[in-house]
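Let me begin by presenting the structure, written as structure tokens, before commenting on it.
Just so it is clear, the values below take in all heavy atoms, side chains as well, and ignore hydrogens, waters and symmetry mates.
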Amino acid sequence: MAESVRVDAWLWAVRVFKSRSLATAACKAGHVQLDGARAKPSSLVRAGTRVVVRGGPRERILVVRQTLAKRVGAPLAAEAMFDESPPPPPRAERPAPVALRERGAGRPTKRERRDLDRLRGR
């Protein structure tokens, strides 16, 4: 375990991103902050550093407990960071509307299929 590690390597090692190149791209795009400042991929993280990752469905706030340079299993990755992210918003209480078609209306057109997919949230 090193004293400090590149932020893109650490984000990949603790399984925030599927690949290191995705972590590097997120840093270059400005989606990663270290202690409130925008992070370059080569920025170093140490124990106690606060990492904010924006992008995806919600913002993740992570505090570094352990510096990891190599990718580890999920249980070890969870121990290497402390997640301060707010809980995800609750799902809607009402069920999703059901798309009904007239009996005998035939196969949906491309536009109707896209509307159905949009309605179902796909």
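- Under the side chain to side chain donor-acceptor pair (under 3.5 Å) criterion, Thr49 pairs with no residue at all, not counting sequence neighbours.
- Results of the side-chain contact (heavy atoms from CB on, under 4.5 Å) test with Val16 over Leu11, Val51, Leu22 single out Leu11 as the only residue that passes.
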Take Gln33 and Arg54 through the side chain to side chain contact (heavy atoms under 4.5 Å, CB included) test and state the conclusion after the steps. CA-CA 9 Å; Gln33 290 184 349; Arg54 290 191 175 89; 3.3 Å; yes

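- In terms of heavy-atom proximity, Ala69 sits nearest to Ala13 at C-CB, 4.4 Å.
- From Ser21, atom OG reaches atom NZ of Lys28 across 10.0 Å, with rounding to the nearest 0.5 Å.
- At least one donor-acceptor pair closer than 3.5 Å links the side chain of Trp10 to the backbone N or O of Gln66.
- Under the 4.5 Å side-chain heavy-atom criterion for ILVMFWY residues, a single connected hydrophobic cluster contains both Leu62 and Val7.
- Here Arg114 does not pair with Asp117 in a salt bridge; the nearest charged N to carboxylate O distance is not below 4.0 Å.
- In this structure, the separation between CZ on Arg46 and CG on Leu44 is 5.5 Å, given to the nearest 0.5 Å.
- Atom-to-atom distance recorded for His31:NE2 and Glu59:CD is 12.5 Å, nearest 0.5 angstrom.
- Look at Arg50 and Asp35 and you find no salt bridge, because none of the NZ, NE, NH1 or NH2 atoms lies under 4.0 Å from a carboxylate O.
- The shortest heavy-atom contact between Arg15 and Ala77 is CD-CB, 4.3 Å.
- Annotation: the span from Glu112 atom CD to Leu119 atom CG amounts to 13.0 Å, rounded to 0.5 Å.
- At a threshold of 4.5 Å between side-chain heavy atoms, the hydrophobic network of Ile, Leu, Val, Met, Phe, Trp and Tyr places Val45 and Leu76 in one connected group.
- Rounding to the nearest 0.5 Å gives a distance of 11.5 Å between NZ of Lys40 and CZ of Arg6.
- Within the 3.5 Å criterion, the main-chain N or O of Asp8 finds no donor-acceptor partner in the side chain of Thr24.
- Residue Val14 is grouped with residue Val72 when hydrophobic side chains (ILVMFWY) are merged at heavy-atom distances under 4.5 angstrom, including chains of intermediate members.
- The structure places CE of Met81 at 14.0 Å from OG1 of Thr67, a figure rounded to the nearest 0.5 Å.
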Given side chain to side chain contact (heavy atoms under 4.5 Å, CB included), test Val52 with Arg60 step by step and report yes or no. CA-CA 6 Å; Val52 178; Arg60 295 193 64 188; over 6 Å; no

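- With hydrophobic clusters built from ILVMFWY side chains whose heavy atoms lie under 4.5 angstrom apart, Trp12 does not share a cluster with Leu34.
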